[in-house]
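Here is the structure we will look at, set down as structure tokens.
For ligands, and for the atoms within them, numbers begin at 1 and follow the listed sequence. As a basis for the values below, the full set of heavy atoms in this structure was taken, side chains included, without hydrogen atoms, waters or symmetry mates.
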Amino acid sequence: DKGGHKHFMSKEIAEQPTVIAQALGHYLSGDGAIALPEPGIDFAGVDRLTMVACGTAYYACLSAKHWFEQIARMPVDVDVASEFRYREPPLPDRTAALFVSQSGETADTLAALRFCQGKAGSILSVVNVPESSIARESDLVLPIHAGVEVGVASTKAYSCQLTVLLILALKAAQDRGVIGPDEFADHVSALRGIPSVMSEALGIADNARRMGEKISQARDVLFLGRGQMFPLALEGALKLKEISYIHAEGYASGELKHGPIALVDQNVPIVVMAPRDRLFDKTVSNMQEVMARKGKVILISDARGIEEAGEGTFGTILMPTVQEVVSPILYAVPAQLLAYYTAIAKGTDVDQPRNLAKSVTVE
Ligand code: M6R
């Protein structure tokens, strides 16, 4: 049932405020304490975290790396599952291995998990399907409570994965004694605010449709982001490729001049994801480099960012202002809506893109 929407994908994008609220309800108690499912985990006994996943779930891990490093001061490795297992990485026993998978059935992720069994100190999984193989073989299962996701392009599962991973990073920070009560309370309040700012962010739909129509004319599209926004640039490019079949690449803004800027001319839309955070000025100077080469910049930022840097761009998408820590969750929305409306303009099959399956159960 598409609930009045034309596609499952648009229904699932629209559901995000509700399902994130659900996920928060499962992990945060009324007094703001974090409650993990049994048997729980104490990160005081963990020295290193290894995260493994594929596709969009892998990008969620890249965002989580920022959180675990910055908030919990914990060393983190992130790998795509198909690369991880053949490298046979050493896993000291105070390593926790964390697997992220919507379906819980992705063959490479499951094989990576099995590689870690008996080596890592504990096996954790963040899944949408609690009855899945990955969940069954984990020591601790953290369900994301996103509800069934039908669209092949992952949307609400991604933002719920991010939400649960941020909560887990906060728990790790607490267990390791590296976060004070005020900072902790600030992060919890930022988390609790997500459903309402996400509803507000869904209001960019008309603007995203107009931008999508423009993007649909392009042959190549670049997505740029720095710091916390780099994984979002990768996710925006993946979503666009998957459902519109337009060639898109996500780059760390600072990498631009190390090669990709050679692609830029007046035919290339460049989507810049840049909330007005502490890295904003650096991203803007990268953005100006592509504008000087006539690249068509679409700047996605908050009111202050657009006021400071919107001039001379091809288009802007105005996002609500949020605490820096939760911006990756919020900026999932423009990544998804730009892809969705580009695909609509091209008339491709949004829910069932060619060559793709919802769950990849072969290597
Ligand atoms: O079920 P999983 O989360 O393990 O799936 C991983 C990827 O196959 C998946 O995220 C894929 O990249 C999506 N189609 C992206 O939209």
[atom] - nearest protein heavy atom and its distance:
{"atom": "atom 6 (C) of ligand 1", "answer": "C54 O, 3.3 Å"}
{"atom": "atom 13 (C) of ligand 1", "answer": "E242 OE2, 3.5 Å"}
{"atom": "atom 8 (O) of ligand 1", "answer": "V360 CG2, 4.2 Å"}
{"atom": "atom 9 (C) of ligand 1", "answer": "T56 N, 4.1 Å"}
{"atom": "atom 1 (O) of ligand 1", "answer": "S103 OG, 2.6 Å"}
{"atom": "atom 5 (O) of ligand 1", "answer": "T106 OG1, 3.5 Å"}

*State yes or no: do V325 and F280 share one hydrophobic cluster built from I, L, V, M, F, W and Y residues joined by side-chain heavy-atom distances below 4.5 Å, directly or via other members?*
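Hydrophobic grouping puts V325 apart from F280.
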*May I ask whether V152 places a heavy atom under 4.0 Å from ligand 1?*
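Yes, V152 has a heavy atom closer than 4.0 Å to ligand 1.
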*asked:* Looking at ligand 1, is there an atom of it that comes within less than 4.0 Å of some heavy atom belonging to K239?
replied: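 True for this residue.
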*So does K65 pair up with E69, basic N to acidic O under 4.0 Å?*
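Salt bridge: yes.
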_Heavy-atom count check: over 12 atoms from other residues, nucleotides or ligands less than 6.0 Å from K358 NZ?_
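Yes, enclosed.
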_Is it true that, when you exclude E311 itself, more than 12 heavy atoms of the residues, nucleotides or ligands shown sit nearer than 6.0 Å to its CD?_
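Open.
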Any idea which atoms of ligand 1 are less than 4.0 Å away from a heavy-atom of [X]?
{"X": "A153", "answer": "16 (O)"}
{"X": "Q102", "answer": "1 (O), 2 (P), 3 (O), 4 (O)"}
{"X": "S154", "answer": "15 (C), 16 (O)"}

*Do any nitrogen or oxygen atoms of Q161 lie less than 3.5 angstrom from nitrogen or oxygen atoms of ligand 1?*
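It does not: no N or O of Q161 is found under 3.5 Å from an N or O of ligand 1.
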*Between S125 and S138, does any side-chain donor sit less than 3.5 Å from a side-chain acceptor?*
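Indeed, the side chains of S125 and S138 share at least one donor-acceptor pair under 3.5 Å.
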*Which residue pairs pass the salt bridge (Lys or Arg N to Asp or Glu O under 4.0 Å) test when at least one of the two sits in residues 337-346, sequence neighbours left out?*
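Qualifying pairs, neighbours excluded: none.
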*What pairs meet the salt bridge (Lys or Arg N to Asp or Glu O under 4.0 Å) rule with one or both residues in residues 14-24, with sequence neighbours excluded?*
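Output for this query lists K11-E15, E15-K156.
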*Has the side chain of R136 got a donor or acceptor atom that lies under 3.5 Å from a matching backbone atom of E131?*
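At least one qualifying donor-acceptor pair exists.
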